[in-house]
Amino acid sequence: MSAPAVRRPEPKRPEPAAELSATERRAEKARGRIGVGLIVPGFVYLLLFFAAPVFVLLAMSLYAKPPGAETGVFVPAFEISNYAVALSQYWEPLVRSFLFAGIATVLALLIGYTMAYLVAVRLRQHKLLASILLVILIAPFFSSFVLRTQAWKQILADEGFVVEALRFVAILPEDGRLTATSIAVVAGLTYNFLPFMTLPIYASLERLDTRLLEAAGDLYASPMTAFRRVTLPLSMPGVFAGTLLTFIPASGDYINAAILGNNRDTSMIGQVIDSRFFQIVDYPMAAALSTVLMVVILILVMLYIRKFGTKELF
């Protein structure tokens, strides 16, 4: 006779998870309330100091001035023509603002990347010297923005060393000048927003593993090829952040144009908004210009993110 078949024991099914006790449920609810409590203050802050002012700005941009009303008197309306007037009358300062900001961003990128690369990569083994150079970069920006711009005006003055040197080498004519020109405005923007470009790039390059550069050299890559294929791609998050932190505030800046410009062919949209708010007291037009500036910057930033955004940032 054949031996009887051995019946294998069926695998035990996992028992259903035990229900949470009342104490555990109360603890879970308490943690949820704590999370909500941590979120609510920030949400309220953004609502009061960001969303509400933007809403007021949008509403004010549609206000209208009643016939015969005094200066600064406006009533709620839906005057959409304010935007058409703003664009038709002030498109030149608007375009000039983005042009100046774009040039300043490119110049700051060239200067800031060089400085960040020097401090973070080339001088990595010389901690003291790298720290001194970093302090030299940051220290002037503990002073007032206006004072720094005023000092830049003195540097570029007609009797200053810079102008005299440029005249000596025949780059500037004898009656040439730098102040009250677009060159001075762009130079001021580049200088004042340079740390916003340099520090994010420095933070990215500081994390760069130099052994990758050594490996690239072992694979017969030239220094330029190693920079293009290794260093630059790994530093792109810093470049991306730096360009945004430089271009956005530079587009709305008006201090550099007011101090270093001539208020004619160097005026930026920030000057126009400031004048409309505080001198002409035309609140709807100033609000419309502010809204246009905000929307255009938002569109440009979104296009930039879509084109050059990195996974490390999003």
Side-chain angles (χ1 to χ4, degrees), residues 28-63 74-80 82-83 86-87 94 97-98 101-102 104-105 108 138 141-142 144-146 189 192-204 236-256 268-274 276-278 281-314:
E28 189 70 23
K29 291 181 180 179
R31 285 193 292 268
R33 287 193 295 268
I34 292 174
V36 173
L38 293 174
I39 294 174
V40 168
F43 179 78
V44 172
Y45 181 88
L46 290 176
L47 186 64
L48 291 177
F49 298 103
F50 179 77
V54 170
F55 176 78
V56 172
L57 184 71
L58 294 175
M60 186 177 293
S61 67
L62 301 174
Y63 277 25
F74 301 94
V75 295
F78 195 74
E79 198 69 30
I80 196 68
N82 289 340
Y83 287 93
L87 290 173
L94 183 65
S97 298
F98 292 118
T105 301
I138 300 175
F141 296 88
F142 287 100
S144 169
F145 188 94
V146 177
L189 290 172
N192 280 305
F193 293 105
L194 183 61
F196 295 95
M197 177 69 74
T198 307
L199 293 179
I201 298 176
Y202 169 79
S204 293
M236 282 306 296
V239 173
F240 186 89
T243 51
L244 290 182
L245 291 175
T246 302
F247 179 80
I248 293 175
S251 299
D253 180 76
Y254 67 94
I255 294 178
N256 287 277
M268 297 176 66
I269 195 64
Q271 286 178 274
V272 178
I273 295 173
D274 177 76
R276 283 284 168 178
F277 260 121
F278 300 109
V281 197
D282 187 357
Y283 298 141
M285 185 60 61
L289 288 170
S290 301
T291 303
V292 170
L293 177 64
M294 180 174 59
V295 171
V296 173
I297 289 177
L298 182 61
I299 293 174
L300 292 176
V301 169
M302 291 179 64
L303 292 175
Y304 182 72
I305 291 174
R306 185 177 181 85
K307 182 68 176 177
F308 300 106
T310 60
K311 294 181 179 180
E312 288 84 355
L313 293 174
F314 304 99

With a 4.5 Å cut-off on side-chain heavy atoms, are [Y] and [X] touching?
X	Y	answer
Leu58	Leu62	no
Ile269	Val292	no
Phe50	Tyr45	no
Leu300	Phe247	yes
Tyr254	Met268	no
Phe193	Pro249	yes

[atom1]/[X] to [atom2]/[Y] distance, rounded to the nearest 0.5 angstrom?
X	Y	atom1	atom2	value
Tyr202	Ile138	OH	CD1	8.5 Å
Leu48	Phe43	CG	CZ	10.0 Å
Met285	Phe277	CE	CZ	11.5 Å
Met294	Ser251	CE	OG	14.0 Å
Leu94	Phe98	CG	CZ	5.0 Å

Exactly one candidate in Leu303, Ile297, Val301, Val296 meets side chain to side chain contact (heavy atoms under 4.5 Å, CB included) with Ile299; the answer is Leu303

Test applied, side chain to side chain contact (heavy atoms under 4.5 Å, CB included); reference residue, Leu293; option that passes from Val272, Ile273, Leu298 = Ile273

Main-chain N/O of Ser61 paired to Asn82 side chain as donor or acceptor, under 3.5 Å |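 Flag set: sc Asn82 to bb Ser61 pair under 3.5 Å.
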
So, the side chain of Asp253 versus the backbone of Asn256: is there a donor-acceptor pair under 3.5 Å, distance only?
-> yes

Which atom of [X] lies closest to which atom of [Y], heavy atoms considered:
X	Y	answer
Tyr63	Ala59	CD1-O, 3.1 Å
Phe74	Tyr283	CE1-N, 3.8 Å
Thr105	Met197	O-CE, 3.6 Å
Arg276	Ala286	CB-CB, 3.6 Å
Pro200	Ala241	CB-CB, 4.2 Å
Leu289	Ala86	CD2-CB, 3.6 Å

For Thr243 and Tyr304, test the side chains for any donor-to-acceptor distance below 3.5 angstrom and give the result as yes or no.
->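 Distance-only check passes for Thr243 and Tyr304.
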
Within 6.0 Å of CZ in Phe55, more than 12 heavy atoms from elsewhere =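 Not buried by this count: 12 neighbours or fewer within 6.0 Å.
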
